[in-house]
Amino acid sequence: MLTKHLVRLIAPVFFLLGQPHFAGAAEEALKIGLIIPLTGGQASTGKQLANAVKLYMSENGDVVAGRKIEVIVRDDAAIPENTKRIAQELIVNDKVGIIAGFGITPAALAAAPLATQARIPEIVMLAGTSIITERSPYIVRTSFTLAQSSVIIGDWAAKNAIRKVATLTTDYAPGNDALQFFKARFLAGGGEIVDEVKVPLVNPDFAPFLQRMKDAKPDALYVFVPGGQGGNFMKQFSERGLDKAGIKIIGPGDVMDDDLLNNMGDAALGAVTAHMYSAAHKSPKNAAFVAAYRKMFASRPGFVAVGGYDGIHLIYQALKKTGGKSDGDALVDAMKGMTWESPRGPVSIDPATRDIVQNIYIRKVEKVDGELYNVEFKTFEAVKDPGKTSP
Ligand code: PHB
């Protein structure tokens with residue numbers, strides 16, 4: 001009885017002694033504002049981000065270097081005015097030390113000046129336009145850039161007997177990156193663009209364009225739609241019979257998100273895309289990640305989930321490195337140059353740009369054990385964002 005009592009009394013002392021690097025704020029929780037779309041057209045991506053953060057914290061606990069981690073989840077519905085207002089509230093009222101999430105580029109950009117002003121890290125877990133990390137010295141990205149995958153699929157298409165391509169891209173910044181960087185490489189490799197269509201981000205109707213593209217008889221359709229919209233796109237693609245007409249889908253991997261892929265049906269078979277993650281990626285780390293995600297959420301993780309999982313991992317690792325010190329400059333410094341093994345493969349944070357450096361894989365949709373997967377067949381190692389300079 002007495003021993004039990006003693007342990008209870010001295011345990012906190014040992015706990016504090018074990019954390020030598022920080023002063024007074026040791027017991028204070030570190031709050032992270034997770035700003036993601038949980039309603040509206042991009043809701044499925046916000047769900048993947050929230051799931052991934054939850055999974056990581058269930059695996060790694062909620063205390064890092066003596067600091068309790070508290071995540072405040074807020075829905076911005078992928079509307080940048082909401083993002084800005086929510087970020088402001090989180091910083092001023094809730095006193096968050098980090099903002100994270102950001103399902104679309106305009107949301108990430110809307111929060112950038114606030115991160116700079118408050119001098120706190122902004123961890124971009126999904127948005128993929130190259131310029132984002134240039135908008136604040138406090139932005140660090142764990143997703144990807146469209147330029148990273150678009151240059152690779154552009155070269156691949158030109159070298160693999162694809163001559164005529166029609167493009168369909170969502171009409172906003174990442175879609176424009178996807179288009180420009182693809183075109184630069186594909187045209188340089190001798191390819192020809194026979195039609196170019198841009199569709200709106202909100203409530204896109206692809207059908208009228210798809211009919212026109214079918215008539216143009218391209219070898220392939222180059223597609224960028226943001227994560228979450230691939231299912232609807234593929235439904236209209238097969239309804240219009242473009243698969244039957246032998247038109248191949250190529251693009252960055254967003255359209256073939258593993259989260260939705262299995263419900264797309266056989267029209268998706270044979271699509272070749274370049275991307276940083278496939279649920280079929282062969283590594284023990286990924287096998288464990290996919291199994292744990294499936295167990296917790298009864299669904300398959302896609303690339304969006306991996307951006308979230310690595311985003312919270314980066315925060316944990318940085319906080320360990322600073323010994324629990326959470327001022328923004330110290331955390332961002334700790335993040336620069338950090339390397340780790342992600343479910344997607346080896347990654348690092350480029351210390352010069354704060355953008356992610358990662359393998360890009362070319363993959364083809366195939367049926368494996370009765371399910372559709374992006375099966376990786378070529379790897380480009382340690383790809384930096386080519387979008388920091390013009391294409
Ligand atoms: C973006 O808005 O930057 C974005 C969103 C989803 C993606 C890619 C880019 O899959």
Side-chain angles (χ1 to χ4, degrees), residues 35-38 40-50 52 76-84 100-112 122-135 139-153 168-182 198-202 204 222-234 249 251-261 271 273-279 301-308 310-311 344 355-356 358 360 363 374 385 387:
I35 312 174
I36 51 179
L38 289 168
Q42 297 307 113
S44 72
T45 60
K47 182 106 179 95
Q48 281 198 67
L49 291 171
D76 68 357
I79 296 168
E81 299 86 83
N82 293 352
T83 318
K84 192 172 172 187
F102 309 103
I104 59 165
T105 290
L109 296 178
E122 172 178 335
I123 308 303
V124 175
M125 295 171 160
L126 172 52
T129 306
S130 287
I131 46 137
I132 290 175
T133 50
E134 292 165 5
R135 291 299 171 88
I139 294 181
V140 184
R141 172 157 41 200
T142 57
S143 49
F144 52 85
T145 70
L146 273 308
Q148 277 178 324
S149 45
S150 302
V151 297
I152 284 172
I153 198 71
L168 185 147
T169 53
T170 304
D171 193 10
Y172 75 132
N176 295 337
D177 273 7
L179 180 62
Q180 270 193 58
F181 283 89
F182 169 78
K198 295 189 180 185
V199 296
L201 173 63
V202 180
Y222 175 80
V223 185
F224 166 77
V225 292
Q229 296 192 2
N232 186 24
F233 169 78
M234 283 308 295
I249 288 180
D254 308 68
V255 64
M256 290 295 148
D257 187 356
D258 284 297
D259 182 42
L260 307 171
L261 178 59
T273 56
H275 213 35
M276 44 37 113
Y277 178 71
S278 163
F303 67 91
V304 179
V306 174
D310 284 334
R344 71 186 99 176
D355 224 331
I356 191 152
Q358 59 191 332
I360 298 293
R363 321 89 50 82
N374 292 295
D385 176 27

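We count residues from 1, following the sequence as given. Keep in mind that the numbers below use all heavy atoms, side chains included, and drop hydrogens, waters and symmetry copies. Keep in mind it's a predicted model, so treat the numbers as computed, not measured. Counting starts at 1 for both ligands and their atoms, following the listed order.
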Below 3.5 Å, N or O to N or O, backbone or side chain included: is there any such pair between Gly128 and ligand 1?
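Yes, since at least one N or O of Gly128 sits under 3.5 Å from an N or O of ligand 1.
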Within-cut-off N or O pair, Gly227 and ligand 1, under 3.5 Å:
yes
Lys/Arg-Asp/Glu bridge criterion (N-O < 4.0 Å) met for Arg344, Asp310:
yes
Closest protein heavy atom to [atom], given as residue, atom name and distance to 0.1 Å:
| atom | result |
| --- | --- |
| atom 3 (O) of ligand 1 | Thr105 OG1, 2.5 Å |
| atom 6 (C) of ligand 1 | Pro226 CB, 3.4 Å |
| atom 4 (C) of ligand 1 | Tyr172 OH, 3.5 Å |

Does the side chain of [Y] come within less than 4.5 Å of [X]'s, by heavy atoms?
| X | Y | value |
| --- | --- | --- |
| Phe224 | Thr170 | yes |
| Ile104 | Pro37 | no |
| Leu146 | Phe181 | no |
| Ser44 | Asp259 | yes |

For Phe303, counting its heavy atoms only, list the atoms of ligand 1 lying under 4.0 Å from any of them.
10 (O)
For Phe144, the ligand 1 atoms whose distance to one of its heavy atoms is below 4.0 Å:
8 (C)
Should the proximity of [X] to ligand 1, defined as any heavy atom under 4.0 Å, be assigned to the side chain, the backbone, both, or neither?
| X | value |
| --- | --- |
| Phe224 | side chain |
| Ala127 | both |
| Asp254 | side chain |

Would you say Gly103 touches ligand 1, if touching means a heavy atom closer than 4.0 Å?
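So Gly103 counts as touching ligand 1.
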Verdict with reasoning, Asp385 to Ser130, per side-chain hydrogen bond (donor to acceptor under 3.5 Å, both in side chains):
CA-CA 7 Å; Asp385 176 27; Ser130 287; 3.0 Å; yes
Any donor-acceptor pair under 3.5 Å linking the side chain of Gln48 with the backbone of Gly227?
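Checking the backbone N and O of Gly227 against the side chain of Gln48, no donor-acceptor pair under 3.5 Å is found.
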On the 0 to 90° scale, with breaks at 30° and 60°, tag the Tyr222-Phe182 ring pair as parallel, tilted or perpendicular.
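Because their plane-to-plane angle is under 30°, the rings of Tyr222 and Phe182 count as parallel.
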